[in-house]
Amino acid sequence: RLYDRGQTVLPSKLLHSRLPQPYIMINPQDARELDLPAGSTVQVNMNGTARLVNLRIAATVPEGFVLVPRSFGIPIFAPATIEIKLSEPETM
């Protein structure tokens, strides 16, 4: 990714509008099985931490795997087991 949340780009106020929000990608079949619609906000639990991220669906991701881009707000350094669930809507 050209603009990530790395040490060189993140401090630049000029580039903030170009930084994508944290996201994960899963296979369409996995999304159907988990009842997760594209574009939804999901909670990712991994390595003792939880993050809210956007969900993208792509046929290029193998079934049973989740693509977690590095330097986008989710601390991942190696393959890991994660839990994904639909984020609860905020109440007013």
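Atom set for the values below is all heavy atoms of this structure, side chains included, hydrogens, waters and symmetry mates excluded.
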For this session: Using the test side chain to side chain contact (heavy atoms under 4.5 Å, CB included), find all partners of P37 that sit at least two apart in sequence or belong to another chain.
Result: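 Listed in chain order: S40, L86.
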
For this session: Walk me through it: do S87 and V42 pass the test side-chain contact (heavy atoms from CB on, under 4.5 Å)?
Result: CA-CA 5 Å; S87 175; V42 295; 5.8 Å; no

[X] side, atom [atom1]; [Y] side, atom [atom2] - distance, nearest 0.5 Å:
| X | Y | atom1 | atom2 | result |
| --- | --- | --- | --- | --- |
| L36 | T41 | CG | OG1 | 11.0 Å |
| L55 | L34 | CG | CG | 9.0 Å |
| E33 | N27 | CD | CG | 9.0 Å |
| I26 | E63 | CD1 | CD | 10.5 Å |
| T49 | M46 | OG1 | CE | 5.5 Å |
| I57 | D30 | CD1 | CG | 9.5 Å |

For this session: Would you sort out whether V66 and V61 count as a side-chain contact (heavy atoms from CB on, under 4.5 Å), showing the intermediate values?
Result: CA-CA 7 Å; V66 177; V61 178; over 6 Å; no

Exercise. Of the non-hydrogen atoms in P28 and A58, which two are nearest, and what is the gap between them?
Worked result: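 For P28 versus A58, the nearest heavy atoms are CD-O, 3.5 Å.
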
Exercise. For N45, which residues count as a side chain to side chain donor-acceptor pair (under 3.5 Å) partner, sequence neighbours excluded?
Worked result: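 Residues passing side chain to side chain donor-acceptor pair (under 3.5 Å) with N45: Q43.
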
